[in-house]
Enquirer: 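Starting off with a structure, shown below.
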Amino acid sequence: MIGQGGQLIARALKNEGVDTIFTLCGGHVFAIYDGCIDEGIKVVDVRHEQAAAHAADAWGRITGTPGVAVVTAGPGVTDAVTGVANAWRASSPMLCIGGQGPFSMFKKGALQEMDHVALMAPITKWSDRCFETRRLPEYVAIAMRHAITGRPGPAFLEVPLDVMISSSPIDEVEFPTNYYTNAKSYGDPEYVEMAVKLLQSAQKPVVMAGSSVWLGRAQDALRRFVEEADLPVYLNGMGRGCMPPDHPNFFSHTRGFALDSCDVAIVIGTPLDFRLGYGKSIPENAKIIQIDIDPLDIGVNRGADVGIAGHVGAILDQIVKAIPEIAGPREGRRHTGWIEEIR
């Protein structure tokens with residue numbers, strides 16, 4: 001049995017659970033549409049590549065699974081740049097597949113030829129091209145692994161036209177499986193203990209939680225954490241909606257007052273960027289516990305007294321479990337007066 005490049009890509013996407021792609025019809029990527037029809041993948045044809053990229057970004061944010069945009073070469077790829085950059089800043093899992101002139105015509109001035117890989121490199125977690133038809137599923141797997149693991153984000157795969165329309169015997173094609181792990185990374189137990197002890201000494205603690213809570217689907221862990229430790233919580237970014245709006249520990253309009261008055265700030269899954277005054281919204285003498293998925297995000301703009309990297313939900317559950325072990329059973333609500341002051 002022979003498989004065309006576009007069919008191999010579609011089958012690889014199907015194996016990953018993709019059931020929809022966003023695209024604007026173009027000759028360089030037309031073979032993928034045939035493959036999608038064969039695999040039962042819905043093809044949403046938009047009016048502008050920018051819409052395809054934004055739709056894939058939104059799909060990744062909402063579902064937590066990679067949104068897929070398929071765009072033709074040259075202006076098709078450049079039109080998608082803003083949507084890819086948006087996914088980059090929002091940490092949305094996304095795969096953008098771009099067409100290219102035939103590999104056999106590289107550097108000769110083929111239709112809409114340009115260096116898409118270099119263009120996309122600064123705004124993606126991974127940007128590369130595939131030169132062999134039989135390896136297309138492997139490259140789709142590599143792109144998906146980068147898009148999904150660690151801090152999610154966009155990946156870009158370029159496929160030259162002759163690679164796209166060429167065929168390869170199916171028995172010579174490897175469709176990778178188990179090529180990434182969903183295992184959660186837990187925080188260092190020593191640092192979890194440090195965080196618990198700091199929380200126990202706090203008189204006016206505040207939780208500021210953001211996008212990594214949603215990206216890690218850790219909203220239930222966040223709720224357990226603020227209830228067990230009796231903490232007021234504020235949300236920003238994609239963290240919005242991760243607490244019930246009528247929850248007694250959830251606040252919104254008093255964020256400035258609470259941060260300005262706190263003695264311990266627990267910053268969960270959100271950077272100390274412009275929204276938090278680059279860390280200056282928190283008093284100089286206040287302690288900071290920072291929890292995020294990527295260790296490179298810890299201590300940016302302001303040092304963290306306790307920085308814990310790993311899956312946000314797993315770390316919060318560690319802290320909840322450690323509170324009675326380290327500090328003993330809690331007697332009543334510890335911060336009722338502080339929470340009522342905020343209210």
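Residue indices begin at 1 and follow the sequence shown. Everything numeric here is computed off the predicted structure, so don't read it as measured data. When reading the values below, keep in mind they use all heavy atoms of this one structure, side chains included, and skip hydrogens, waters and symmetry mates.
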Enquirer: So if I apply the side-chain contact (heavy atoms from CB on, under 4.5 Å) rule between Leu8 and each of Ile32, Val140, Leu13, Val173, which one comes out positive?
Expert: Val173
Enquirer: Would you call Glu227 and Arg224 a salt bridge, taking side-chain N to carboxylate O under 4.0 Å as the test?
Expert: no
Enquirer: Give a yes or no answer on whether the side chain of Lys125 reaches the backbone of Thr149 with a donor-acceptor pair at less than 3.5 Å.
Expert: yes
Enquirer: Using a distance-only test with no angle check, is there a side-chain donor-acceptor pair under 3.5 angstrom linking Tyr139 and Glu158?
Expert: no
Enquirer: So which atom in Asp115 and which in Ala118 form the shortest heavy-atom distance, rounded to 0.1 Å?
Expert: OD1-N, 3.2 Å
Enquirer: Assess whether a salt bridge exists between Lys14 and Glu39, defined as any Lys/Arg side-chain N lying under 4.0 Å from an Asp/Glu carboxylate O.
Expert: no
Enquirer: Can Arg61 be said to sit on top of Trp59's aromatic six-ring, NZ or CZ under 6.0 Å from centre and within 45° of the ring axis?
Expert: no
Enquirer: Will you find, in the side chains of Thr270 and Asn236, an N or O donor that is under 3.5 Å from an N or O acceptor?
Expert: yes
Enquirer: How many angstroms lie between atom CE of Met94 and atom CH2 of Trp88, to the nearest 0.5 angstrom?
Expert: 13.0 Å
Enquirer: Considering non-hydrogen atoms only, spot the tightest contact between Asp263 and Gln203 and give its length.
Expert: OD2-N, 2.8 Å
Enquirer: With side-chain contact (heavy atoms from CB on, under 4.5 Å) as the test, pick out the partner of Ile308 among Leu316, Ile298, Ile315.
Expert: Ile315
Enquirer: Would you mind checking if Asp260 and Lys204 are paired as a salt bridge, meaning a charged N to carboxylate O distance below 4.0 Å?
Expert: no
Enquirer: What are the two closest heavy atoms between Ile288 and Gly303, and how far apart are they?
Expert: CD1-O, 4.1 Å
Enquirer: Between the side chains of Tyr191 and Gln318, is a donor N or O closer than 3.5 angstrom to an acceptor N or O?
Expert: no
Enquirer: In this structure, would Val77 and Val70 fall into the same cluster of hydrophobic residues linked by side-chain contacts under 4.5 Å?
Expert: no
Enquirer: If the threshold is 4.0 Å, N to carboxylate O, is there a salt bridge linking Asp38 and Arg11?
Expert: no
Enquirer: If you apply the rule side chain to side chain contact (heavy atoms under 4.5 Å, CB included), what do you find for Val159 with Leu136, and how did you get there?
Expert: CA-CA 8 Å; Val159 184; Leu136 283 169; 3.9 Å; yes
Enquirer: Please check if any side-chain donor atom of Thr72 sits under 3.5 Å from a side-chain acceptor atom of His28, or the reverse.
Expert: yes
Enquirer: Which heavy atom of Cys242 sits nearest a heavy atom of Val213, and at what distance?
Expert: SG-CG1, 3.9 Å
Enquirer: What is the ring orientation for Trp126 with His146, classed by angle as parallel under 30°, tilted 30 to 60°, or perpendicular over 60°?
Expert: parallel
Enquirer: Between Asp292 and Ser212, is the side chain to side chain donor-acceptor pair (under 3.5 Å) condition met? List the steps.
Expert: CA-CA 7 Å; Asp292 219 320; Ser212 289; 2.8 Å; yes
